[in-house]
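What you are looking at is a predicted structure, and each value in this text was computed from that prediction instead of being measured.
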Amino acid sequence: MLKKWYVKLTTALALLLAAIPLMSACQNSHSTGSGAGGGSVKQEITLNAATEPPSLDPAIASDTTSGWIINHLFEGLYTKDKNGNIVKGLAKDVKVSDDKKTYTFTLKDAKWTDGNPVTAQDFEYSWKRVLNPETGSPFAFYMYYIKGAEDYNKGKGSADNVGVKALDDKTLEVQLNAPTAFLDKLLAFWTYYPVEKSVVENNKNWASEAKTFVSDGPYKLAKWDHNNQVIAVKNDKYYNKDDVNMEKITWKMVNDANTYYQMYKSGELDVINTLPSDVIAQEKNSKEFKVTPYFGIYMFMFNIKKEPFNNLKVRQAFNLAIDREALTKQITKGGETPAYAMVPFGVKAPDGRDYRETKEAYFKEDVKKAKTLLKEAMQEEGWSKLPPVTLLYNTSDSNKKIAEAVQEMLSKNLNIKINIQNQEWKTFLDTTDQKNYQMARMGWIGVYVDPVPILDYYLGDSPNNRTNWNNKEYDRLMAQAKVTQDETKRFELLHQAEDVLMKDLPFIPVYYYTQNYLVSPKVKGLYFPTNGFPYVRWAKMTN
């Protein structure tokens, strides 16, 4: 998932850190909005999405901000409980064939926010809509595990040949290409959420405004004041509404770190993440400060068809000339881990070790070697001077600090003067999607904790791969890994795929994420997923 503003990686994408004046903890005046006469505390929470979500349509969303809101508005066949375990959502029962390639789901009695029943036909329609090439879903490839899905999405097959079929209103049959042990995790991801067929077919802009928005989850969209705030309220038609504590969620859209930090301190925000880097040291001892794992990577993409990054040695030189330890310790300061590969820490390998620890680092900083590689590249290309380079980043104080630090490192270590440029998140996504850049920041978060959703980013046919890098051997190894049932062999294939990626280096891995938060002491019971932002359904506001 794209992680943006944070480093928001955000994340992608989300998806970062910034600088602002420090205010003492005693100035924190969070208000719970108690009723008149000192009655019970209103169950209302105010969060910060930082920017306008690009889309709240589950078929279109590809970033962590949109996903954060969508996850509260919708529910799929599977969901997560308050401890993060994958559990049945709208699926009441599931039967699996002996060959583990056919799943038959029976649906619970559930309704859309407009009162209509959620049907198996809605699921069939929704999944085929994601796969329809005309939809342009950036995450359609997450459905390629389904029989006929890839061919249909690539224009080589028809919707009728996709292995998703409503047998009746309550029964959905799904046929897979091969046994897929992590299917439940995939089905809990927003790309697999249903949308109401009649609503979508009658209004192509149904997901653009609150008044036309229909969902099936624990919350319904009450207000969307674009570029200002999104408000969701408890859905009284949700089948499990008694298991929803928080009555109202407001997401503000404040991108400036100085501003949202002070809003938290004054009680206008109940939770913030991606603290300004210069306040972390003083906030880290506060009971309100929280650091959580975050399964994703902050990186810089290269457009390998744009000079000078068409030359591998230039890409290698840039990788070797950046001091990741300095970036994480002196700039971001949030406990991030320097990255020398694509897949983050956090995946347990078959031998019990972490995936990342089963292989030596691919490289380390080496300025001398970087200079040699750059010189060789310039000779190969006939450049007397390196072509001008612009580093593009999405607007955030943290991203700016990181870009400026990298700019200084390249100047000092390689005598290269690069330009830096920022764009707002939605514009940035459009620019990089059109591949109208040379070097750009990006973040990627795994939809579940496994190397596959991380490495999927650089598949040749992935719409999220904006680098122009396409390697058939990489794609082959990834495809083989996805159908391999032996875990040891599967991990071997994934390491081989990562070897190919790290040899060609269409990117600079910078660091692996953590998330740092300030949480009002009046907020209890927030769930912090390792691949997303806080889920507030079970949270409670207290005095």
Side-chain angles (χ1 to χ4, degrees), residues 57-59 70-81 85-132 135 137 142-143 145-149 152 158-177 179-203 206-207 213-220 234-244 537:
D57 182 342
I70 288 171
N71 283 338
H72 287 82
L73 299 174
F74 288 88
E75 184 170 292
L77 292 173
Y78 285 85
T79 186
K80 290 182 179 179
D81 65 16
N85 301 310
I86 299 293
V87 296
K88 292 185 181 69
L90 292 187
K92 180 179 180 181
D93 183 50
V94 57
K95 294 180 180 178
V96 185
S97 63
D98 291 341
D99 64 1
K100 298 182 180 180
K101 293 197 293 184
T102 300
Y103 285 67
T104 305
F105 296 95
T106 302
L107 302 186
K108 294 174 181 175
D109 292 328
K111 292 182 178 181
W112 297 103
T113 49
D114 63 5
N116 292 326
V118 179
T119 67
Q121 288 86 352
D122 287 324
F123 272 96
E124 178 182 353
Y125 168 79
S126 301
W127 294 8
K128 289 181 178 179
R129 175 175 175 258
V130 169
L131 294 167
N132 187 334
T135 302
S137 173
Y142 280 123
M143 289 191 173
Y145 301 93
I146 299 171
K147 183 180 178 180
Y152 176 45
S158 69
D160 291 340
N161 293 328
V162 175
V164 181
K165 184 177 181 180
L167 303 182
D168 56 43
D169 288 352
K170 293 292 184 182
T171 311
L172 184 73
E173 181 183 84
V174 180
Q175 295 179 333
L176 306 176
N177 293 314
T180 307
F182 48 87
L183 183 65
D184 56 347
K185 296 177 182 178
L186 284 172
L187 296 183
F189 181 50
W190 71 69
T191 305
Y192 283 88
Y193 290 166
V195 293
E196 187 174 7
K197 180 179 178 180
S198 60
V199 170
V200 179
E201 288 186 333
N202 290 329
N203 181 6
W206 69 278
F213 198 92
V214 177
S215 61
D216 71 324
Y219 294 90
K220 64 179 180 180
K234 184 175 178 178
N235 176 14
D236 60 4
K237 294 181 176 64
Y238 179 55
Y239 73 93
N240 198 18
K241 64 181 180 181
D242 292 339
D243 193 39
V244 179
R537 169 178 168 178

Q: Where the side chain of Thr171 meets the backbone of Thr106, is there a donor-acceptor pair that is under 3.5 Å apart?
A: no
Q: With Phe74, which of Phe213, Tyr219, Trp190 fulfils ring-ring contact (aromatic ring centres under 6.0 Å, His included)?
A: Phe213
Q: Kindly say whether Leu107 contributes a backbone atom to a donor-acceptor pair with the side chain of Lys170 at under 3.5 angstrom?
A: no
Q: Would you mind checking if Lys92 and Asp109 are paired as a salt bridge, meaning a charged N to carboxylate O distance below 4.0 Å?
A: no
Q: In this structure, which one of Leu77, Ile146, Val130 forms a side-chain contact (heavy atoms from CB on, under 4.5 Å) with Tyr192?
A: Ile146
Q: My understanding is that only residues two or more places apart in sequence, or in another chain, count here; which of them pass ring pair (Phe, Tyr, Trp, His ring centres under 6.0 Å) with Tyr78?
A: none
Q: Roughly how far, to the nearest 0.5 Å, is the OG atom of Ser198 from the CG atom of Asp122?
A: 7.0 Å
Q: Hey, what do you get for NZ (Lys95) to OG1 (Thr104), rounding to the nearest 0.5 Å?
A: 8.0 Å
Q: A quick test of your reading: do over 12 heavy atoms of other residues, nucleotides or ligands sit less than 6.0 Å from NZ of Lys147?
A: no
Q: Got a second to check how far Ser97's OG is from Gln175's CD, nearest 0.5 Å?
A: 9.0 Å
Q: Any side-chain heavy atom of Pro218 within less than 4.5 Å of one from Val244?
A: yes
Q: Heavy atoms, side chains only, cut-off 4.5 Å: are Asp114 and Val199 in contact?
A: yes
Q: Given Asn71 and Thr79, is the side-chain contact (heavy atoms from CB on, under 4.5 Å) satisfied, shown in steps?
A: CA-CA 9 Å; Asn71 283 338; Thr79 186; over 6 Å; no
Q: Under 4.5 Å between any side-chain heavy atoms of Lys241 and Lys234, yes or no?
A: yes
Q: Side chains of Tyr239 and Glu75 only: does a donor on one sit below 3.5 Å from an acceptor on the other?
A: yes
Q: Calculate, to the nearest 0.5 Å, the distance between atoms NZ and NZ belonging to Lys80 and Lys185 respectively.
A: 9.5 Å
Q: If you measure from CD on Gln121 to CG on Asp168, what distance do you get to the nearest 0.5 Å?
A: 7.5 Å
Q: How are the rings of Phe123 and Trp127 set to each other: parallel, tilted or perpendicular (split at 30° and 60°)?
A: perpendicular
Q: Are more than 12 heavy atoms from other residues, nucleotides or ligands located less than 6.0 Å from atom NZ of Lys165?
A: no
Q: With a 4.5 Å limit on heavy-atom distance, are the side chains of Phe105 and Val174 in contact?
A: yes
Q: I need the minimum non-hydrogen distance between Val162 and Gly148, along with the two atoms involved.
A: CG2-O, 3.8 Å
Q: Mind listing the closest non-hydrogen atom pair of Asp93 and Lys88 along with its distance?
A: CA-CE, 4.2 Å
Q: Would Lys111 and Asp236 pass as an ion pair if we require N to O under 4.0 Å?
A: no
Q: Roughly how far, to the nearest 0.5 Å, is CG of Leu172 from CG of Asp169?
A: 12.0 Å
Q: Would you mind checking if Arg537 and Asp243 are paired as a salt bridge, meaning a charged N to carboxylate O distance below 4.0 Å?
A: yes
Q: Does some side-chain heavy atom of Asp57 sit less than 4.5 Å from a side-chain heavy atom of Trp206?
A: yes
Q: Begin from the C-alpha positions of Glu201 and Tyr125 and carry the test side-chain contact (heavy atoms from CB on, under 4.5 Å) through to its verdict.
A: CA-CA 10 Å; Glu201 288 186 333; Tyr125 168 79; 3.6 Å; yes
Q: Evaluate the side-chain proximity of Pro58 to Val195: yes if any heavy-atom separation is below 4.5 Å, no if none is.
A: yes
Q: For a 4.5 angstrom cut-off between non-hydrogen side-chain atoms, does Tyr103 reach Leu176?
A: yes
Q: What is the minimum heavy-atom distance between Pro194 and Gly76, and which atoms define it?
A: CD-CA, 4.1 Å
Q: Working note: Asp216 + Leu90, criterion side-chain contact (heavy atoms from CB on, under 4.5 Å); need CA distance, chi angles, decisive distance, verdict.
A: CA-CA 9 Å; Asp216 71 324; Leu90 292 187; 3.0 Å; yes
Q: Consider only side-chain N and O atoms of Ser158 and Asp160, and report whether a donor and an acceptor are under 3.5 Å apart.
A: no
Q: Please determine whether side-chain contact (heavy atoms from CB on, under 4.5 Å) holds for the pair Val164 and Glu173, giving the CA-CA distance in whole Å, both sets of side-chain angles, and the decisive distance to 0.1 Å.
A: CA-CA 6 Å; Val164 181; Glu173 181 183 84; over 6 Å; no
Q: Any idea which heavy atoms bring Gly89 and Lys108 closest together, and the distance?
A: O-NZ, 2.7 Å
Q: Do Trp112 and Pro117 have side chains that approach each other closer than 4.5 Å (heavy atoms only, starting at C-beta)?
A: no
